[in-house]
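Just below is one structure, and these are the notes that go with it.
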Amino acid sequence: MSNAIEVKNIVKKFGDFTAVNGINFEVKDGEIFGLLGPNGAGKSTLIRMMVTLLPPTSGTAIINGFDVVKKADDVRRSIGVIPQAMTSDLELTVYENLLIFAKLYGVPRDTRSRLIAELLAAVELTQWADKPVKNLSGGMRRRVEIARGLVHEPRVFFLDEPTTGLDPVSRTAVWGMLRKIKSQRDLTVLITTHYMDEADKLCDRIAIVDHGKLVALDSPEALKASIPGRAPETVTLDDVFVHYTGRDLRDALQEPSAADSPFVLRR
Amino acid sequence: MHRTWAIVEREMRRFSKSPMMIVMSMIFPLMQLIVLGYAFGGNVKHLKLAIVDQDHGVPAVKIRELATAVSSGARTLDLLDYSDSGQAMGDLRNGVVNGVLTIPPDFSRRLLTNNDPRVALISDNTDTFVSASMAATVGAFIGHLNAPETPVRVSGAAGLDVVEVYPYVPYIQYLLPGSITMSIFMMVMIGGGIIFIDDKARGLHEGYLVTPITKLELVAGFNISGTIKAVLAGAAITIIGSIIAGVPSPLDPMRFFRMMLVISITAFALISLMFLLMVRVTDPLMPRMMFGLLNTVLYFPSGAVYPQQGFPGWMHVIAVVDPFTYSVHAFKSLLLKNTGFEAIAGDVAYLLVFSVIAMTAATLLFKRTL
């Protein structure tokens, strides 16, 4: 089995601060790979480098055989991305959101409608296709984003905290849909999350990142078994997380987000 | 290129769902046109002139008669008789009257003996429009006092005949070119700049940046969609404003065609300028702050409300580079003079060159990554 993702000694510095510090790992074709870590550990920076939103300071990542530094456009064509923030257009309908992104990815006209219809069915939004996204619930909006990220049939799908802020029912629904979509397509999934149960149920392998470094990487079962002095069946992924990242709160200042401005038009 | 059209399609779909945007972009220029047009456009009337006649001779009575003629005819003046010059000056300082015309005691005698007869107009010069208007009116009827009783049949003095090439242009028509440019600018700022930064702040651009779209395709998409929105606003104000201002034959096909050409190029120039200014901005407050600043810096030096010949040197420099200047000049040529293309060719050329430079710079400065 070949690798869909190869991260090679990747580093990202913001001034004197090193957000990602020489991380290496591979994700095999068809895997669901989880990226866990405390707030500020470098997960989002790492994923943003893999999806070409941030240039690495050094090192690189090979996605679907394309180097993110040298072949960024080829990487973009072959991946689907659900960023942490909701990036669907609230004014447009569900269908229009998918249509615009199908056009941005250059999906041929004759396959566009079929693909959109299939994806809407997969995320169970067919009956809401003509509704503006602003009228949908948070869980439904996330499902729109999942469908949108897959509208050009990517081979690797990146999801940055896709279920954050959703209620348990919506989260379970999103997991189910991801599993279903994954079973129907030749798809590799890389997902970041704060929900350990989500990672446990969904992921084939999990990487734990802390202070910009990879501190653990294995299957959920193997990670549980790695905790010393405990029977694996009594260990949860929360225990694994705390074991590898410690119990200290990661208080840190961050750049204020423009999205927090009171002047942004809320629509 | 298909990605550019996808951006345009998205923007236009959003625009069609926000009809208030086009209304908002038109309200301000229309209100400005109506309020400023009627406030500044009329002749100054009913200026209160105190007359202090200390002479009471026949020439003084004649001055009084000439003033009364102006008062009852053009109604520029309202006359108030004072016997006490101190009282008149007090009222002038207190704003009760706008000027005091004093006819001194020896005025008639000096007039009859050709010994430098003079009357005095003391005016409240804190309002230059009022004082200049009053000086011109009083100067005119004092001039009549000097005219010979029997005019000579053939004058030997050099004279001037003024011939106006175009029909009378009321001030509201003079303002209309600036209002059209302003409506384009308003749409560029509201439908382009503010939404662009708000979308960026809400993370919508992140969605674009993970697609294979290039910098040029993205900037071109935003520019084309912004231009279409601004052209709609400019065309609407051209029609509505022409009707309000009483422009003759506002829908003359050839003029309307040329107007649409200038509106389109102006919209493209202003949206390119706006993207150049906003390309690295992330703070949603910034376009709102820049809105007022740009409005002042671009609109007033353009000659939209006052002739540029009256500007100081530094303001001429702004006017020369200001795209509003060329847009307003072209609209004035078309709306007030109904000229052909040759009269606006220079304006069109400048706006095109300006657009290309601004869009190229915006594309180079656009960051393809976060």
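A, B, ... follow the sequence lines: proteins, then strands. Residue 1 opens every chain. Worth knowing before you read on, the calculation uses all heavy atoms, side chains too, and leaves out hydrogens, waters and symmetry mates.
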Measure [X] against the heavy atoms of chain B and call it side chain, backbone, both or neither at under 4.5 Å.
| X | result |
| --- | --- |
| Phe101(A) | side chain |
| Ser88(A) | backbone |
| Leu99(A) | side chain |

task: Step through it carefully: locate the ring centre of Tyr299(B), locate the ring centre of Phe185(B), and say whether they are under 6.0 Å apart.
output: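 Between Phe185(B) and Tyr299(B), which both carry aromatic rings, the centre distance is not below 6.0 Å.
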
message: Can you tell me which residue among Arg141(A), Arg143(A), Arg142(A) is in a side chain to side chain donor-acceptor pair (under 3.5 Å) with Glu145(A)?
response: Arg142(A)

- prompt: In residues 103-115 of chain A, which residues are in contact with chain B at a heavy-atom separation under 4.5 Å?
  reply: Lys103(A), Leu104(A), Tyr105(A), Gly106(A)

Electrostatic pair [X]:[Y] at N-O distance under 4.0 angstrom:
| X | Y | result |
| --- | --- | --- |
| Lys17(B) | Asp89(A) | no |
| Asp198(B) | Arg288(B) | yes |
| Glu96(A) | Arg13(B) | yes |

field: Aromatic Phe14(A) / basic Lys12(A) pairing, under 6.0 angstrom, 45° off normal
entry: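 Satisfied, under 6.0 Å and within 45°.
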
field: Partners passing ring pair (Phe, Tyr, Trp, His ring centres under 6.0 Å) against Phe275(B) (at least two apart in sequence or in another chain)
entry: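 By the ring pair (Phe, Tyr, Trp, His ring centres under 6.0 Å) rule, Phe275(B) matches Phe196(B), Phe222(B).
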
